[in-house]
Enquirer: 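Structure provided below as structure tokens; questions to follow.
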Amino acid sequence: MPTVQDYTSVHRPTWCPGCGNYGIWNSLKAALVNQNYELHDVLIVSGIGCGSKLPDYTEANGLMTLHGRPLAVATGCHLANHDLKVVITHGDGDGYSMGGNHFLHTIRRNLDIVDIYQDNKVYGLTKGQYSPTSDKGYKSKTSLGGSIEEAVFPLAVALAAGATFVSRSFAGDTDQLTWLIEQALQHKGYAMIDVFQPCVSFNKINTYQWYQERVYKLQDDPNYDTSNLDLAFQKAREWGDRIPTGIFYQVQRPTYAEQVPTLGKGALVKQGLRNSVPESIKNEFV
Amino acid sequence: MVTNNMTIIIGGDAGQGVESSGAGFCKALARGGLHVYSVQDNRSRIRGGHNFYTIRAQADPIRSWTEPVHLLVALTKESVEIHASKLVKGGAVICDSSLKVEAEPLEQAGIKLINVPLAQLAKDSGGSKVMSNTAALGALAGLTQFPMKYIQSVIHDNFKKKGEKIIDINYKVAQAAYDYVVEHYGRSFEWNLQAVDVEPRMVINGNHAIALGALVGGCNYTSAYPMTPGTSVFEWLTTHADEYGIVSKQMEDEISAICAGIGAAHVGARVIVPTSGGGFSLMVEALGFAGMIEAPIVIVNAQRPGPSTGFATRTEQSDLLFIIYASQGEFPRIVLAPGTTKQCFEAGARAMNLSEKYQTPVIILTDAYLANSFRTVNKSDIDFSSITIDRGEFLTDADLDKLTEKYKRYLITESGISPRAIPGHPKAIFRTTSDEHNEIGEIVEEADIRNRMHTKRMKKLELARQEMRAPDLYGPAQADVTLVCWGSTISEAHEAIHMLNSEKKDAANLLHFVDIWPFPVEKATPFLENAKKRVAVEGNYTAQLAQLIRAETGINMDATILKFDGRPFSPEYIINKLKEVL
């Protein structure tokens with residue numbers, strides 16, 4: 001069985017010291033190890049952005065795509081080989097702005113994939129513009145007087161789109177995050193994890209301390225019912241002094257691949273290419 | 001009497017069944033052993049607006065449609081007004097008596113008016129007004145003396161899902177109209193259609209021929225967002241998905257369609273992504289992504305007139321230069337522009353192999369006209385046995401088991417092609433990125449690696465160029481004029497040179513390009529140099545192939561014949577313009 005060290009590439013991260021991405025990276029590796037995934041059975045698909053460099057530092061199959069498009073690429077990867085465990089890592093700009101359309105429609109499909117958002121509420125790699133999750137009033141290089149737009153509530157959007165696993169964590173709490181990723185890996189269907197990822201260089205508001213003072217865990221309440229959609233919506237919009245983390249909602253529904261007749265015979269690329277097409281097919285044109 | 005050489009137009013409003021009647025009659029003619037060649041003219045709406053379907057039928061193979069029309073089946077009065085002037089002397093108009101079309105102006109032009117109470121006959125035969133088009137087919141057969149059994153066989157196939165009763169009523173409706181025409185108009189019409197005893201031919205359009213080629217060529221994944229006129233490639237493969245083990249995924253937009261295709265290709269599927277120019281425009285960034293990560297993917301762009309929405313249901317050849325240069329940066333791509341049904345089939349299969357062999361995007365460039373035009377083709381010309389699946393330098397599990405060193409997905413090789421593994425094997429764990437990368441797929445910024453990696457990729461373009469085929473020369477080896485064209489224009493240009501040469505020996509020949517990019521400079525140059533006068537015939541404003549030829553070979557055209565009104569060329573149009581430009 002692989003170790004965390006096996007999953008760690010010799011290619012070292014270029015993230016800033018203290019970046020929330022370290023926590024996410026370490027938790028992902030730990031979760032994959034804990035769940036006994038072999039390196040070659042995992043495909044990490046990312047977009048473009050600081051967080052999307054994660055596959056470059058990880059010794060597993062990796063595919064770093066275009067800004068905003070990893071979910072669309074991952075859809076094809078998964079449908080052509082659903083034996084690979086596809087994990088997507090990308091930022092809030094990538095996933096909720098550029099990739100907003102793919103976010104909605106990937107959720108609807110309930111593909112059996114894990115979708116991790118490295119949500120730092122700012123554009124880091126382009127050096128400090130406001131993002132779709134920046135709070136209203138957030139000042140940045142492109143929102144000098146404070147962002148005029150309302151921040152998106154990504155978990156609420158995911159719930160509205162019909163996600164079967166909706167969760168949130170915080171890069172400063174790798175125990176919880178590792179546990180959540182493991183839950184997501186075990187979930188049969190689309191599993192979303194929005195992770196608060198402090199950006200030490202460009203987001204001076206939503207810092208480690210800011211989150212630590214606010215986050216609380218839904219699962220600390222033994223009566224929290226993860227099958228209650230109305231409650232999940234309510235929690236997904238809870239923001240301010242207290243911010244919930246953990247599993248907001250989870251339900252089982254058939255996955256997309258389970259409902260594709262061709263995939264009933266196993267992963268597409270393992271079925272081999274057809275040897276021949278019968279001449280009789282020409283008769284449909286006669 | 002002229003037997004088995006005529007052109008028919010079926011015209012009416014969208015929603016009246018013009019398309020199904022046209023397609024049905026094409027099939028009936030083909031079952032009767034005739035060659036058919038059709039052109040569809042549709043407006044972009046579900047109901048209303050004039051649509052028409054042109055069918056040329058003859059016993060000998062047909063190169064193209066031609067302008068003179070012998071028989072018009074008019075389902076509306078408007079269609080008489082639009083098409084009557086195209087009818088030859090002695091031609092006829094079949095229409096519903098209730099339309100009250102005036103006979104006199106037609107008769108003055110030597111055209112017969114064949115009034116048939118189509119709707120009434122349909123009702124009297126136990127059907128309803130919507131079966132008027134079935135009645136029209138019966139009337140058409142009656143006037144042309146075409147055997148009813150072929151009409152019946154098509155009715156049977158079209159309505160078999162609706163049950164025996166509906167089939168039977170439609171038989172009766174068609175027969176009633178047939179009998180009515182024979183009784184009231186006799187055998188007076190100059191043109192007739194007689195069955196010929198040959199092996200039945202296929203009636204297939206360009207999109208279906210590409211899809212069939214892709215299927216035989218091992219395609220097992222398709223994703224798309226519906227866009228006219230590319231959609232029927234996707235629909236056909238979707239229809240056959242379960243039977244042939246294809247994954248077909250309709251996506252949320254064209255960006256995701258190509259991205260999902262690239263993802264599937266990356267993990268080892270044989271992928272086709274059909275679209276039209278607008279959808280292709282959305283795919284452009286991802287096209288470069290495929291080039292960068294060396295993902296084999298086939299895209300079909302069935303062109304329509306642009307810019308922007310343009311004419312949604314019409315045809316043009318104006319994306320050629322865009323397709324060749326689309327996306328930022330430089331990367332190898334291959335562009336094929338088939339023109340005949342057979343070429344479409346071959347391109348579908350060939351593109352699959354080329355994309356995997358060179359690990360890069362291949363684009364099949366067609367247009368609305370070719371995509372929708374149903375034509376007969378001999379079964380033997382759609383030759384499955386000529387297709388072999390070639391995955392190029394693809395490492396199997398057995399190959400990978402023997403690896404002793406770390407697998408390098410982007411190994412720098414002399415040819416530029418790196419042996420390709422797909423994710424999932426313990427000895428080939430690798431990363432891939434749209435960033436510039438080193439041999440193992442890690443992000444790098446060093447100048448030296450950039451130079452070597454970019455050169456490696458671009459070498460594939462030169463390698464592919466060697467495999468690109470020469471243009472095809474039709475007609476005499478030496479002629480006064482050489483028409484130069486690409487894609488669907490082959491049909492009308494071919495017929496045009498045939499017409500010109502039957503008037504004057506060696507008047508014209510035709511140079512047609514299927515393999516456009518990488519441009520086969522060495523193979524094409526002798527043909528171009530050998531031409532006395534070169535005339536580019538293209539469905540665009542800027543003579544894009546002519547520009548490309550000049551850029552690649554330094555050879556200029558002597559003249560151009562261009563058309564961008566959304567309608568296909570006709571041989572007559574080319575001949576008339578040729579007189580003007582020379």
Side-chain angles (χ1 to χ4, degrees), chain A residues 9 11 14 38-46 48 53 55-56 58-81 83-84 101-102 104-106 109 260-263 265 267-271 273-274 276-279 281-286, chain B residues 27 30-31 200-204 208 212 215-216 218 220-221 223 240-242 244-247 249 251-253 255-271 285-286 289 293 379 382 384 389 391 422-435 441-443:
Chain A
S9 167
H11 204 71
T14 53
E38 297 286 354
L39 279 58
H40 63 274
D41 288 331
V42 176
L43 174 62
I44 307 175
V45 182
S46 69
I48 295 295
K53 290 185 179 177
D56 204 33
T58 311
E59 200 60 38
N61 296 298
L63 179 53
M64 289 160 271
T65 68
L66 297 170
H67 189 57
R69 314 303 171 199
L71 284 177
V73 177
T75 297
C77 297
H78 172 73
L79 291 179
N81 186 357
D83 285 349
L84 290 171
N101 198 23
H102 313 311
L104 280 184
H105 296 284
T106 305
R109 295 179 185 127
V260 176
T262 293
L263 299 182
K265 296 169 214 126
L268 182 71
V269 298
K270 294 184 182 170
Q271 293 179 23
L273 295 176
R274 73 188 70 85
S276 65
V277 173
E279 288 286 321
I281 197 172
K282 293 178 182 173
N283 292 333
E284 79 173 70
F285 300 103
V286 173
Chain B
K27 206 156 226 188
R31 287 177 183 179
R201 298 184 183 93
M202 299 162 75
V203 188
I204 184 168
H208 289 164
L212 182 59
L215 180 78
V216 178
N220 61 0
Y221 182 95
S223 48
H240 296 81
D242 297 350
Y244 290 100
I246 300 167
V247 169
K249 185 74 204 80
M251 296 297 288
E252 55 269 23
D253 54 27
I255 295 174
S256 51
I258 187 173
C259 283
I262 291 167
H266 178 70
V267 303
R270 302 257 287 188
V271 175
E285 187 192 20
F289 172 50
I293 70 166
K379 281 183 179 176
I382 304 297
F384 291 1
I389 293 174
R391 304 207 72 176
I422 55 173
H425 193 280
K427 290 210 174 156
I429 297 163
F430 65 98
R431 280 160 274 166
T432 305
T433 171
S434 60
D435 289 77
E442 291 170 339
I443 298 172

Enquirer: Is it the side chain or the backbone of A/L39 that comes within 4.5 Å of chain B heavy atoms, both, or neither?
Expert: both

Enquirer: Determine the minimum heavy-atom distance between A/L268 and B/G245, stating which atoms define it.
Expert: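 In this case the closest contact between A/L268 and B/G245 is CD1-O, 3.5 Å.
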
Enquirer: By a 4.5 Å heavy-atom criterion (distance strictly below it), what part of A/L263 contacts chain B: side chain, backbone, both, or neither?
Expert: side chain

Enquirer: What pair of heavy atoms forms the shortest contact from B/D242 to A/T262, and how long is it?
Expert: CA-OG1, 4.0 Å

Enquirer: Using non-hydrogen atoms only, which part of A/I48 is less than 4.5 Å away from chain B: side chain, backbone, both, or neither?
Expert: side chain

Enquirer: Would you say that A/N283 contacts B/K379 through its side chain, given a criterion of any heavy-atom pair below 4.5 Å between the two side chains?
Expert: yes

Enquirer: Pick one of side chain, backbone, both or neither for B/A30, based on which atoms fall under 4.5 Å of a heavy atom in chain A.
Expert: neither

Enquirer: Taking B/K249 for the side chain and A/T75 for the main chain, is one N or O donor matched with an acceptor at less than 3.5 Å?
Expert: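 Side chain of B/K249 to backbone of A/T75: no pair is present.
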
Enquirer: Using heavy-atom distances under 4.5 Å, tell me whether A/L43 contacts chain B through its side chain, its backbone, both, or neither.
Expert: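 Side chain only.
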
Enquirer: When you measure from the side chain of A/R274 to the backbone N and O of B/Y244, does any donor-acceptor pair fall under 3.5 Å?
Expert: yes

Enquirer: Measure the shortest side-chain to side-chain distance between A/V286 and B/V203 over non-hydrogen atoms and say whether it is less than 4.5 angstrom.
Expert: no

Enquirer: Hey, can you pull the donor-acceptor pairs under 3.5 Å for the side chains in residues 256-268 of chain B, sequence neighbours left out?
Expert:
| unit_1 | atom_1 | unit_2 | atom_2 | d |
| --- | --- | --- | --- | --- |
| B/S256 | OG | B/E252 | N | 3.4 |
| B/S256 | OG | B/D253 | N | 3.2 |
| B/S256 | OG | B/D253 | O | 2.9 |
| B/S256 | OG | B/D253 | OD1 | 2.6 |

Enquirer: Using a cut-off of under 4.5 Å for heavy-atom pairs, which of A/V260, A/D41, A/L79 has the most such pairs with chain B?
Expert: A/L79

Enquirer: If you count heavy-atom pairs under 4.5 Å with chain B, which of A/K270, A/H102, A/Q271, A/R69 comes out on top?
Expert: A/H102

Enquirer: Please identify, among B/N220, B/I389, B/I422, B/D435, the residue contributing the most non-hydrogen atom pairs under 4.5 Å to chain A.
Expert: B/N220

Enquirer: For each of A/C77, A/A80, A/P261, tally heavy-atom pairs with chain B at distances under 4.5 Å, and name the one with the top tally.
Expert: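 Answer, by heavy-atom pair count under 4.5 Å with chain B: A/C77.
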
Enquirer: Sequence neighbours excluded, which residues qualify as side-chain hydrogen bond (donor to acceptor under 3.5 Å, both in side chains) partners of B/T432?
Expert: none

Enquirer: Give, for atom CD1 of A/I281 and atom CG of B/L215, the distance between the pair rounded to the nearest 0.5 Å.
Expert: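 If we round to the nearest 0.5 Å, A/I281:CD1 and B/L215:CG are 5.0 Å apart.
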
Enquirer: Measuring from atom CD of A/E279 to atom CD1 of B/I382, what distance do you get when rounded to the nearest 0.5 angstrom?
Expert: 10.5 Å

Enquirer: Establish, from distance only, whether the side-chain atoms of A/E284 and B/H208 form a donor-acceptor pair under 3.5 Å.
Expert: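 Side-chain D/A pair, A/E284 to B/H208: absent.
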
Enquirer: Look only at the side chain of A/N61 and the backbone of B/P423, and say whether a donor-acceptor pair between them is shorter than 3.5 Å.
Expert: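 Answer holds: no.
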
Enquirer: Carefully, step by step, assess B/I204 and A/K282 under the rule side-chain contact (heavy atoms from CB on, under 4.5 Å).
Expert: CA-CA 10 Å; B/I204 184 168; A/K282 293 178 182 173; over 6 Å; no

Enquirer: Is chain B contacted by the side chain of A/L63, its backbone, both, or neither, given a heavy-atom distance below 4.5 Å?
Expert: both

Enquirer: Could you give the distance from CZ (B/R431) to OG (A/S9), rounded to the nearest 0.5 Å?
Expert: 4.0 Å

Enquirer: What's the separation between atom NE2 in A/H40 and atom NZ in B/K427, rounded to the nearest 0.5 Å?
Expert: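 Rounded to the nearest 0.5 Å, the NE2-NZ separation comes to 12.0 Å.
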
Enquirer: If I compare all heavy atoms of A/T65 with all of B/S434, which pair ends up nearest, and what's the gap?
Expert: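 Shortest heavy-atom separation between A/T65 and B/S434 comes out as O-OG, 2.6 Å.
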
Enquirer: Under 4.5 Å from any heavy atom of chain B, what part of A/K265 do you find: side chain, backbone, both or neither?
Expert: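 Only the side chain of A/K265 comes within 4.5 Å of chain B.
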
Enquirer: So for A/T14, is it side chain, backbone, both, or neither that comes closer than 4.5 Å to the heavy atoms of chain B?
Expert: neither

Enquirer: Highest number of heavy-atom pairs under 4.5 Å with chain B: which of A/D56, A/T58, A/N81, A/I44?
Expert: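 Winner by heavy-atom pair count: A/D56.
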
Enquirer: Between chain A and each of B/R391, B/R201, B/H425, B/E285, count heavy-atom pairs under 4.5 Å; write down the option with the most.
Expert: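 Going by pairs under 4.5 Å, I would pick B/E285.
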
Enquirer: Find out whether B/F289 and A/V73 are in side-chain contact, i.e. whether some heavy atom of one side chain is under 4.5 Å from a heavy atom of the other.
Expert: yes

